[in-house]
Amino acid sequence: MDHKLFIYNSLSRKKENFIPINSPYVGLYVCGPTVYGEAHLGHARPAITFDVLFRYLKYLGYKVRYVRNITDVGHLENDADSGEDKVVKKARLEQLEPMELVQRYVNSYHENMLKLNILPPSIEPHASGHIIEQQQMIRKILKRGFAYESNGSVYFDVNKYNEKYQYGKLSGRNTEEMMANTRELAGQDEKRNPFDFALWKKADPVHIMHWPSEWSEGFPGWHLECSAMGTKYLGETFDIHGGGMDLLFPHHECEIAQSIAANGVDHVKTWMHNNMITINGQKMGKSLNNFINLSEFFEGNHHLLERAYCPMTIRFFILQAQYRSTVDFSNEALQAAEKGLKRLLSAGELIGKLKTSPASTFNLSEIINETFGALNDDLNTPIAIAQLFEAARIINLINDGKETITKPDLLELGKFFNSVMIDILGLISESNVENKGNLESELMNIIIDLRLQARQKKDFQTSDLIRDRLNNLNVRLNDTKEGTTWEKE
RNA sequence: GGUUCCGUGGCCGAGUGGCUAGGCACCGGUCUGCAAAACCGAUUACAGCGGUUCGAAUCCGCUCGGAACCUCCA
């Protein structure tokens with residue numbers, strides 16, 4: 001594979017040249033949602049980040065197996081290992097069968113992802129569908145002596161693990177410090193140490209999601225699903241594991257420990273973590289109750305939103321920041337993104353209409369090299385996008401006759417622009433086509449024709465009246481050389 | 001308290017030693033009956049103080065301010 005893709009590895013805290021374990025195959029695992037509520041803007045970040053990675057790896061010629069899980073059991077509501085299962089709680093509140101609730105939010109998640117033009121993963125395993133695999137993993141960990149049973153539950157023995165391996169290598173923690181800083185929590189007497197975590201939890205009598213096991217009627221711990229499913233579909237050691245930065249500890253730290261304890265080998269080669277989306281400088285999150293659902297964005301239905309935003313605007317907005325930086329939400333930033341995206345899309349449409357010349361007056365290969373150089377540098381999408389804007393500027397200048405392009409260059413430009421915009425960044429124009437062909441559009445054609453007649457008679461009083469009154473209805477008329485177009489604001 | 005990170009022009013956001021990213025807004029221009037849209041062009045910056053260096057937004061130190069993780073979170 002002839003490229004130099006560098007990816008920042010959270011484990012080594014360095015950018016590393018990406019070399020697959022078994023090229024051209026690449027195994028990619030990303031933590032998906034816990035489906036107990038509507039997807040919000042925060043869910044869009046990893047989905048989009050790793051969608052671009054998935055697309056780019058495929059563009060580079062790799063055969064990628066992309067696994068993104070659905071967490072539908074075991075994710076507890078409160079303090080580690082003592083709260084209620086999130087799905088069960090929500091199901092109780094909404095008086096639904098837990099799997100009914102899961103199905104509802106999975107459907108909604110898929111709908112939102114589709115709108116954001118996120119490719120479906122190769123495999124989307126559910127935690128509840130892999131109870132057997134999780135139980136088998138628990139047995140392996142018990143057999144190797146890194147877990148213990150306590151009152152029907154099974155806990156991971158962090159101290160025991162730490163004698164042979166290193167717990168905390170991902171998040172830069174050590175167990176002594178953790179011990180010193182751990183708050184004593186009620187109801188944790190089953191554990192030998194406060195930072196031991198559950199592999200299997202005995203279900204209390206009112207708990208509705210539970211499975212039989214030799215330890216108890218119960219359910220698996222949250223961290224276990226990713227270890228079990230990652231191993232099942234991608235192998236004991238695989239290439240890339242992604243997720244939000246907030247999952248780095250404890251979730252991914254525990255995942256590493258479990259996998260190594262069970263299999264005796266390193267779990268993941270490259271760990272990638274996307275940063276958070278902030279709102280007024282603070283993390284957008286369920287617990288802070290400052291999150292905006294994706295459907296609310298698409299409909300403009302939230303007190304923080306001045307109006308609705310298209311899914312592509314949100315995708316572009318997120319890609320204008322590098323994935324390891326925080327990105328701050330604001331209406332102003334979103335509207336800026338909307339206009340910028342529009343500019344790129346119309347430049348893209350212009351390419352097919354450009355006239356060619358015997359010579360090119362600009363350096364196309366420089367733009368192309370800069371763009372792929374940026375993508376190879378830990379997916380620096382903002383710089384790649386800046387290069388697309390440079391290309392757009394040149395496309396417009398060619399269209400104005402102020403720059404020229406040869407036929408081969410034009411072909412290459414078109415191929416480059418579409419590859420980056422559509423195939424890699426996944427930015428496509430929203431279909432404005434839905435307005436065409438209906439009554440509204442036919443009526444507008446009549447009004448525009450009448451106004452054109454008035455203008456031809458130099459009856460500007462009438463033509464301006466038509467335009468002003470349409471303006472009052474938030475319908476904007478644009479007179480161009482090719483005729484008059486209209487758009488709703 | 002521990003661990004980690006950040007502070008760039010009106011707003012968003014790249015850049016980690018020399019070559020004023022980019023977008024949006026503002027301003028100037030082209031086009032237009034006028035406007036809008038579109039396009040072209042120009043301007044504005046590196047939290048503060050000290051240090052290293054021929055040269056620092058970029059390295060080091062201090063100060064101030066902010067964030068994340070350490071408990072569920074994408």
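Order of the sequence lines fixes the chain letters, A, B, ..., with proteins taken first and strands second; residue numbering starts at 1 for each chain. A quick note: this is a predicted structure, and the numbers were derived from the prediction, not measured. Values reported hereafter were calculated over all heavy atoms of this structure, with side chains retained and with hydrogens, waters and symmetry mates removed.
The nucleotide B:G17 finds no pairing partner, because no Watson-Crick or G-U wobble arrangement with both distances shorter than 3.5 Å includes it. Nucleotide B:C31: unpaired (no Watson-Crick or G-U wobble partner with both distances less than 3.5 Å). Across all strands shown, B:G50 forms a Watson-Crick or G-U wobble pair, both distances under 3.5 Å, with B:C60. Judged by Watson-Crick or G-U wobble contacts below 3.5 Å, the nucleotide B:C69 has B:G2 as its partner. Figure legend. B:G55 is base-paired to no nucleotide; pairs are counted as Watson-Crick or G-U wobble with both atom distances under 3.5 Å.
For the pair A:Arg393 and B:G23, the criterion of a side-chain N or O lying under 4.0 Å from OP1 or OP2 is not met. Distances shown here put a side-chain N or O of A:Lys339 below 4.0 Å from the OP1 or OP2 atom of B:A25. The side chain of A:Asn396 places an N or O atom within less than 4.0 Å of a non-bridging phosphate oxygen (OP1 or OP2) of B:C40. Within the structure, every side-chain polar atom (N or O) of A:Thr326 is placed at least 4.0 Å from both OP1 and OP2 of B:A68. One finds a side-chain N or O of A:Arg343 lying less than 4.0 angstrom from the OP1 or OP2 phosphate oxygen of B:C39.
Among the protein residues, A:Gly42 comes within range of the nucleic acid bases, having at least one heavy atom under 4.0 Å from a base atom. Contact annotation for A:Met245: no contact, since no heavy-atom pair falls under 4.0 Å across all strands. The residue A:Leu247 sits close only to the backbone: its heavy atoms come under 4.0 Å of sugar-phosphate atoms, none of a base. Residue contacts for A:His251: at a heavy-atom cut-off of 4.0 Å it reaches no nucleic acid atom on any strand shown. Backbone-only contact: A:Asp328 has heavy atoms under 4.0 Å from sugar-phosphate atoms and none from a base. The residue A:Glu338 sits apart from the nucleic acid: no heavy atom pair falls under 4.0 Å. Counting non-hydrogen atoms under 4.0 angstrom, A:Ser463 reaches a base of the nucleic acid. Residue-level contact check: A:Glu390 touches neither bases nor backbone, having no heavy atom under 4.0 Å from any strand.
Between A:Gln320 atom CD and B:G22 atom C1' the separation is 8 Å, expressed in whole Å. If you take CZ of A:Phe317 and P of B:G22, they are 20 Å apart, rounded to a whole angstrom. The interatomic distance linking A:Lys90 (NZ) with B:C72 (P) rounds to 20 Å, in whole Å. As a whole-Å value, the separation of A:Leu41 CG from B:C12 C1' is 14 Å. Remark: P of B:A67 and CD1 of A:Ile279 are 15 Å apart, rounded to the nearest angstrom. Rounded to whole Å, the distance from CD on A:Gln166 to C1' on B:U3 is 14 Å. In this structure, CG of A:Leu345 is placed 13 Å from P of B:C24, rounded to the nearest angstrom. One interatomic measurement links the two molecules: CG of A:Leu397 to P of B:U30, which rounds to 17 Å at whole-angstrom precision.
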- ring-ring contact (aromatic ring centres under 6.0 Å, His included) assessment of A:His252 paired with A:His223: CA-CA 8 Å; A:His252 291 157; A:His223 310 302; 9.3 Å; no
- Test log, rule salt bridge (Lys or Arg N to Asp or Glu O under 4.0 Å), inputs A:Lys201 and A:Asp85: CA-CA 11 Å; A:Lys201 279 290 284 183; A:Asp85 183 292; over 6 Å; no
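Ring geometry for A:Tyr167 against A:Phe249 counts as perpendicular: the plane angle is over 60°, on a 0 to 90° scale with 30° as the lower cut. The aromatic rings of A:His43 and A:Tyr109 stand perpendicular to each other, their planes meeting at an angle above 60°, with 30° marking the opposite boundary. Using cut-offs of 30° and 60° on the angle between ring planes, the pair A:His273 and A:Trp271 is parallel.
In this structure, A:Arg343 is not positioned above the aromatic face of A:Phe389 in the sense of NZ or CZ being under 6.0 Å from the six-membered ring centre and within 45° of the axis. Annotation: cation-pi pair A:Arg68/A:Tyr29 absent, no NZ/CZ under 6.0 Å from the ring centroid and within 45° of its normal.
Comparing atom distances between the A:Pro46 side chain and each of B:A14, B:C34, B:A74 picks out B:A74 as nearest. Each of B:A14, B:G23, B:C70 was ranked by its minimum atom distance to the side chain of A:Arg173; first place goes to B:C70. You'll find that the side chain of A:Glu332 is closest to B:C11, out of B:C72, B:A74, B:C11. You'll find that the side chain of A:Ala386 is closest to B:A21, out of B:A14, B:A21, B:A38. Among B:A36, B:C11, B:C34, the nucleotide with an atom closest to any side-chain atom of A:Ser330 is B:C11. Closest contact between the side chain of A:Trp222 and the listed nucleotides B:G15, B:C72, B:C39 involves B:C72. Minimum atom distance to the side chain of A:Ala336 is reached by B:G23, of the listed B:A14, B:G33, B:G23.
Per the stacking criterion (ring centres < 5.5 Å, plane angle < 30°), A:Phe460 stacks onto the base of B:G33.
For a distance-only test at 3.5 Å, the side chain of A:Arg467 qualifies as a donor-acceptor partner of the base of B:A35. Side-chain N/O atoms of A:Asn380 and base N/O atoms of B:G13 include no donor-acceptor pair closer than 3.5 Å. Between the side chain of A:Asp479 and the base of B:A35, a donor-acceptor pair under 3.5 Å is found.
Rounded to whole Å, the P atom of B:G66 lies 23 Å from the corresponding atom of B:C59. If you take atom P in B:G29 and the same atom in B:A67, they sit 45 Å apart, rounded to whole Å.
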For a quick test of your reading: what N or O donor-acceptor pairs under 3.5 Å do the side chains of residues 395-404 of chain A make, sequence neighbours left out?
| residue | atom | partner | partner atom | Å |
| --- | --- | --- | --- | --- |
| A:Asn396 | ND2 | A:Ala392 | O | 3.2 |
| A:Glu403 | OE1 | A:Thr361 | OG1 | 2.5 |
| A:Thr404 | OG1 | A:Ala359 | O | 2.7 |

